[in-house]
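Notes follow once the structure below has been shown.
Proteins come first, then strands; the chains are lettered A, B, ... in the order of their sequence lines, and each starts at number 1. If you're wondering where the values come from, they're calculated on a predicted model, not measured in any experiment. All values below were derived from every heavy atom in this structure, side-chain atoms included, with hydrogens, water molecules and symmetry-related copies excluded.
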Protein chains: 2
Amino acid sequence: MTAGFDPHDHAACRRAALAHAETVCREAGVRLTDTRRRVLEILLEDHRALGAYAILDRLRDEGLGAQPPVAYRALDFLVRHGLAHRIEHLNAFVACAHPGRGHAPIFLICRSCAAVAEAPAAPVMAALGSAAQDAGFAVDHAMVEADGLCPACQGAGQGA
Amino acid sequence: MTAGFDPHDHAACRRAALAHAETVCREAGVRLTDTRRRVLEILLEDHRALGAYAILDRLRDEGLGAQPPVAYRALDFLVRHGLAHRIEHLNAFVACAHPGRGHAPIFLICRSCAAVAEAPAAPVMAALGSAAQDAGFAVDHAMVEADGLCPACQGAGQGA
DNA sequence: CAGCGCAATGTTATTCTATAACAGTTCCCG
DNA sequence: CGGGAACTGTTATAGAATAACATTGCGCTG
Ligand SMILES: [Zn+2]
Ligand SMILES: [Zn+2]
Ligand SMILES: [Zn+2]
Ligand SMILES: [Zn+2]
């Protein structure tokens, strides 16, 4: 169920994510405007995190807006609707790789090739919930991000 | 074993952390200089995360340095030696609340009063390791941060 | 259709966070 | 007393994010 590292039909992956985004927006009664859609498409180009300014550069090249708020507003929208996630450790954003399921994902981030995978969160969240309960803490949103090496980069013997 | 939310003798807590810092530095053959020590003391004032610039303001008031690198270098040092931790979600730093034990802690962050607790990491890390293994991913360093409400702020019925 | 209200956009400016680069100083050890 | 490494001071700049406000587009209701 981990999505991201394994080879797959990424064109289908993208199409599904985009179709899902349409559905989500229709059902929520919000608009998937040109800029929002384009930002999602850019993020969907591969399973990699992009900084807001990298996205902004792309938008600028395409004449869709040149100022930071343009990118940040679209990203906020996508994150708010579960279509993208923010990677705290990188100050960057990644398209959601699990169209459909409501989730608080955990991220595996390759420090060599920068690929980002979403892994099944349930066991980790259960352990976290238990630790939080012991402390009397009410978890609102959990962020779990692991730095390391993806299968491909381990094979290549990368050290950094 | 969660350290941070429960009422405790914080003066002793601080003293122990400082003493531990001395030991760690002596054993590692590195120097706990004035600035480094002072930054640690500031972080130890309570179990709360402080931004690098908030710390820098304090240092400036005390004549210990006025430029960002002063604060960042001290913080890097403390983090490198396990005496403080960086909270990615807040772009801020907190003193380590577990003097002595080698750990990759998990953090519980109150979004109302900004208190930060360190909870036992083992079960969460085990679950994370298992998920990573399923994906063939080699975890190097894991970041686990939970946003929510601490016991005190839940009682007060805080919503934000 | 006219006009209202809200959502979304465009733009300027600013704040906050973090690091690069280099010159000078202090400390430890031989 | 050197010599080298660690540490400090300072300038400048890069990078990430938001505040604030004017404007435009869109959907609804009268
Ligand atoms: Zn894909
Ligand atoms: Zn990789
Ligand atoms: Zn304490
Ligand atoms: Zn609280």
* How are the rings of His10(A) and His47(A) set to each other: parallel, tilted or perpendicular (split at 30° and 60°)? -> perpendicular
* Please state whether the rings of Phe5(A) and Phe137(B) are parallel, tilted or perpendicular, taking 30° and 60° as the class boundaries. => parallel
Whole Å only: how far is the [atom1] atom of [X] from the [atom2] atom of [N]?
X: Leu64(A); N: dG10(C); atom1: CG; atom2: P; answer: 8 Å
X: Leu56(B); N: dT11(D); atom1: CG; atom2: P; answer: 14 Å
X: Leu32(B); N: dT8(D); atom1: CG; atom2: C1'; answer: 15 Å
X: Ile87(A); N: dA17(D); atom1: CD1; atom2: P; answer: 12 Å
X: His89(A); N: dA16(D); atom1: NE2; atom2: P; answer: 13 Å
X: Arg80(B); N: dC7(D); atom1: CZ; atom2: P; answer: 8 Å
X: Leu59(B); N: dC7(D); atom1: CG; atom2: C1'; answer: 15 Å
X: Arg36(A); N: dA8(C); atom1: CZ; atom2: C1'; answer: 6 Å

* Asked: For residues Glu88(B) and His89(A), is any side-chain donor paired with an opposing acceptor at under 3.5 Å?
  -> yes
* Exam field: side chain Glu62(B) to backbone Asp57(B), donor-acceptor pair closer than 3.5 Å -> no
* Phosphate oxygens OP1/OP2 of dT10(D): is one of them under 4.0 Å from a side-chain N or O of Gln67(B)? -> yes
* To do: Please determine if a side-chain N or O atom of Thr35(B) lies less than 4.0 Å away from the OP1 or OP2 oxygen of dC7(D).
  => no
* **Gap between atom CD of Glu41(B) and atom CZ of Arg58(B) - 0.5 Å precision** => 10.0 Å
* **Whichever of Phe77(B) and Ala66(B) has its nearest DNA chain D nucleotide further upstream toward 5'** => Phe77(B)
* **Neighbour count >12 (heavy atoms, 6.0 Å) for atom CG, Asp140(A)** => yes
* Structure fact -> In B/S/- notation (B base, S sugar-phosphate only, - none; protein heavy atoms under 4.0 Å), nucleotides 16-29 of chain C written 5' to 3' is -BBBBB-----S--
* Between His85(A) and Phe107(A), does the ring centroid distance fall short of 6.0 Å? -> yes
